[in-house]
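As the structure lists them, so they are numbered: ligands from 1, and atoms in each ligand from 1. These figures come from a predicted structure and were not determined experimentally.
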Amino acid sequence: MKEINITELERKFQEKIDNDIKIEPNDWMPEEYRQTLIRQISQHAHSEIVGQLPEGNWVTRAPNLRRKAVLLAKIQDEAGHGLYLYSAVETLGADREQTMDDLHSGKAKYSSIFNYPALTWADMGMIGWLVDGAAIMNQVPLCRCSYGPYARAMVRVCKEESFHQRQGYEIVTQLAQGTPEQKAMAQESLDRWWWPALMMFGPSDKDSKHTAQSMKWKIKRHTNDELRQQFVDVTVPQAELIGLKVPDADLKFNEATGHYDFGDINWDEFWQVVAGHGPCNKERVAARKRAKEEGMWVREAANAYAEKRAKRKAS
Ligand code: 3HC
């Protein structure tokens, strides 16, 4: 039997990547590439599902029927995003139950941003405007990711993400242009969500353990710091347009570079939240575990029905 030449396989694999040929589930790929994708896509999916929790708390407290309908639509979209991404993970051979258990056991991460509490209605606007705005920055390049199923899932996700960001900015704009109390609510919310939103992009490039390799494999098309800078450059003028002040004394437009210079991120806070010690980490994971337990009967019923149908077909 012809000996498999791994070096040759790896060379051909990298050549496909370098020529922007998509890698598909049945293609040969280095195990590290597969594991990196399983790690990133599963954590992305977890972020979509956990991200529904802070918003779900506000459905019954939305100020009117229109806001309630829009928030419901957004939350339902996030569930769909999670489903696309869990399905994309399965194309890499990951087991769905194990993927979910990794979230519940704390082995897998989800985005740090969802470990902050949503305290006022303005937070619903901030999450749409800043969190989904940051997600768009990060997800648009993923539409060109080298792994086919992930890239294709992102195209659909990004279309819906734009609606999420616009509805959030609309909420914040209305508050900022409303009564003094409403404007104060919007500013207080921006003060709480601005820095955690910058942290969503991950550690600085010098501290990122995956970025260099992920860029080589074209899983990432930009570095964490590049995307964070893009987000600041786009979002600061949006805040100024509606009369809100970004809570950063060092923020200043740099004529020489054409970008905003901004202050230092509190990386201790970031790593504390990533390590599970944020304001809501325990509550979020407990909610996901409870959802699995309380939803077990649905899965059991669906599996029983599927088995019965399969038996009837086979007989
Ligand atoms: N929250 C939690 N963990 C984070 C993080 C964050 N914001 N940023 C980085 N980390 C973790 C990484 O997962 C990695 O840990 P691991 O090895 O245990 O997985 C470690 O910190 C080092 O970070 P790196 O930058 O080296 O890791 P990556 O190369 O994976 O980059 C990332 C991190 C930029 C988040 C990248 O994984 C990514 O682009 N993921 C896909 C997009 C995504 O998950 N976005 C999250 C938000 S989704 C969302 O908000 C949806 C919206 O609709 C609600």
Side-chain angles (χ1 to χ4, degrees), residues 32 35-56 71 73-82 84-85 88-89 102-103 106-116 118 124 126-145 147 150-151 153-154 156-165 167-168 193 195-228 231 265 267 269-278 281 284:
E32 299 82 5
Q35 289 309 321
T36 295
L37 285 166
I38 289 174
R39 174 186 64 81
Q40 176 164 329
I41 304 172
S42 63
Q43 294 183 161
H44 193 163
H46 295 330
S47 302
E48 299 284 1
I49 299 302
V50 174
Q52 295 177 289
L53 297 172
E55 294 176 316
L71 184 58
K74 177 187 188 301
I75 295 170
Q76 285 163 349
D77 282 353
E78 308 298 10
H81 297 175
Y84 295 146
L85 292 167
V89 175
D102 289 349
L103 169 66
K107 182 167 173 268
K109 296 181 169 68
Y110 55 90
S111 190
S112 49
I113 192 75
F114 298 121
N115 290 308
Y116 291 84
M124 288 305 101
M126 262 339 130
I127 288 176
W129 175 35
L130 299 185
V131 174
D132 289 79
I136 289 171
M137 286 295 162
N138 165 286
Q139 291 172 160
V140 165
L142 286 171
C143 296
R144 292 184 295 119
C145 164
Y147 187 57
Y150 195 21
M154 280 296 107
R156 174 66 184 273
V157 165
C158 286
K159 286 194 176 85
E160 293 171 340
E161 219 58 274
S162 307
F163 146 64
H164 300 171
Q165 193 269 359
Q167 63 83 37
W193 288 91
W195 291 102
L198 297 195
M199 296 174 194
M200 278 178 73
F201 292 93
S204 58
D205 293 348
K206 64 180 176 46
D207 297 326
S208 165
K209 63 181 171 184
H210 298 302
T211 290
Q213 183 60 63
S214 288
M215 292 286 285
K216 189 166 179 285
W217 281 332
K218 293 187 180 177
I219 294 173
K220 278 185 173 179
R221 303 308 292 259
H222 299 283
T223 71
N224 298 356
D225 287 335
E226 286 168 354
L227 292 177
R228 195 180 350 259
F231 173 74
I265 291 173
W267 291 116
E269 175 184 332
F270 170 73
W271 289 116
Q272 276 297 308
V273 175
V274 170
H277 309 306
N281 294 59
R284 299 289 187 237

Counting distance only, does the side-chain N/O of [X] pair as donor-acceptor with the main-chain N or O of [Y] below 3.5 Å?
X      : Y      : value
Arg156 : Tyr84  : no
Arg284 : Phe114 : yes
Asp132 : Trp129 : no
Gln52  : Ile75  : yes
Asp205 : Thr211 : no
Asn224 : Phe201 : yes
Ser214 : His210 : yes

Among all protein non-hydrogen atoms, which one is nearest to [atom], and what is the separation to 0.1 Å?
atom                    : answer
atom 5 (C) of ligand 1  : Phe270 CZ, 3.7 Å
atom 19 (O) of ligand 1 : Arg39 NH1, 2.9 Å
atom 22 (C) of ligand 1 : Pro203 CG, 4.1 Å
atom 49 (C) of ligand 1 : Ala135 CB, 3.9 Å
atom 38 (C) of ligand 1 : Gln40 NE2, 3.4 Å
atom 39 (O) of ligand 1 : Asn138 ND2, 3.0 Å
atom 54 (C) of ligand 1 : Phe114 CZ, 3.4 Å
atom 17 (O) of ligand 1 : His210 NE2, 2.6 Å

Establish, from distance only, whether the side-chain atoms of Gln43 and His46 form a donor-acceptor pair under 3.5 Å.
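Checked: Gln43/His46 side chains show no N/O donor-acceptor pair below 3.5 Å.
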Hey, are His44 and Tyr110 close enough side-chain-wise for a donor-acceptor pair under 3.5 Å?
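The answer is no; no qualifying pair exists.
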Counting each atom of ligand 1 from 1 as listed, which ones have a heavy atom of [X] under 4.0 Å away?
X      : result
Glu161 : 52 (C), 53 (O)
Lys220 : 25 (O), 28 (P), 29 (O), 31 (O)
Gln43  : 13 (O), 19 (O)
Ser111 : 1 (N), 7 (N), 46 (C), 47 (C)
Met199 : 7 (N)
Tyr110 : 1 (N), 2 (C)
Asn224 : 25 (O), 34 (C)
Phe201 : 34 (C)

[X], any N or O under 3.5 Å of ligand 1 N or O:
X      : result
Lys109 : yes
Trp271 : no
Tyr150 : no
Met200 : yes
Glu48  : yes
Lys209 : yes
Asp132 : yes

Taking the basic N atoms (NZ, or NE/NH1/NH2) and the acidic carboxylate oxygens, is any pair closer than 4.0 Å for Lys74 and Asp77?
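Asp77 and Lys74: not salt-bridged.
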State whether any protein heavy atom lies less than 4.0 Å from atom 32 (C) of ligand 1.
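For atom 32 (C) of ligand 1 the answer is no, since every protein heavy atom stays at 4.0 Å or beyond.
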Using non-hydrogen atoms of the residue, decide whether Ser208 is closer than 4.0 angstrom to ligand 1.
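True for this residue.
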Check whether any side-chain heavy atom of Lys218 lies under 4.5 Å from a side-chain heavy atom of Arg144, and answer yes or no.
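Contact flag for Lys218/Arg144 side chains = no.
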Evaluate the side-chain proximity of Ile219 to Tyr147: yes if any heavy-atom separation is below 4.5 Å, no if none is.
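A side-chain contact under 4.5 Å is absent here.
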How are the rings of Phe270 and Trp267 set to each other: parallel, tilted or perpendicular (split at 30° and 60°)?
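Perpendicular: the ring planes of Phe270 and Trp267 meet at over 60°.
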Would you give the length of the straight line joining atom CG of Leu37 to atom SG of Cys145, rounded to the nearest 0.5 angstrom?
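SG of Cys145 is found 6.0 Å from CG of Leu37.
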Among Ser204, Ser112, Gly128, whose heavy atom sits nearest atom 7 (N) of ligand 1?
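Shortest heavy-atom distance from atom 7 (N) of ligand 1: Ser112.
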Could you go step by step and tell me if Met200 and Leu227 meet the side chain to side chain contact (heavy atoms under 4.5 Å, CB included) rule?
CA-CA 10 Å; Met200 278 178 73; Leu227 292 177; over 6 Å; no
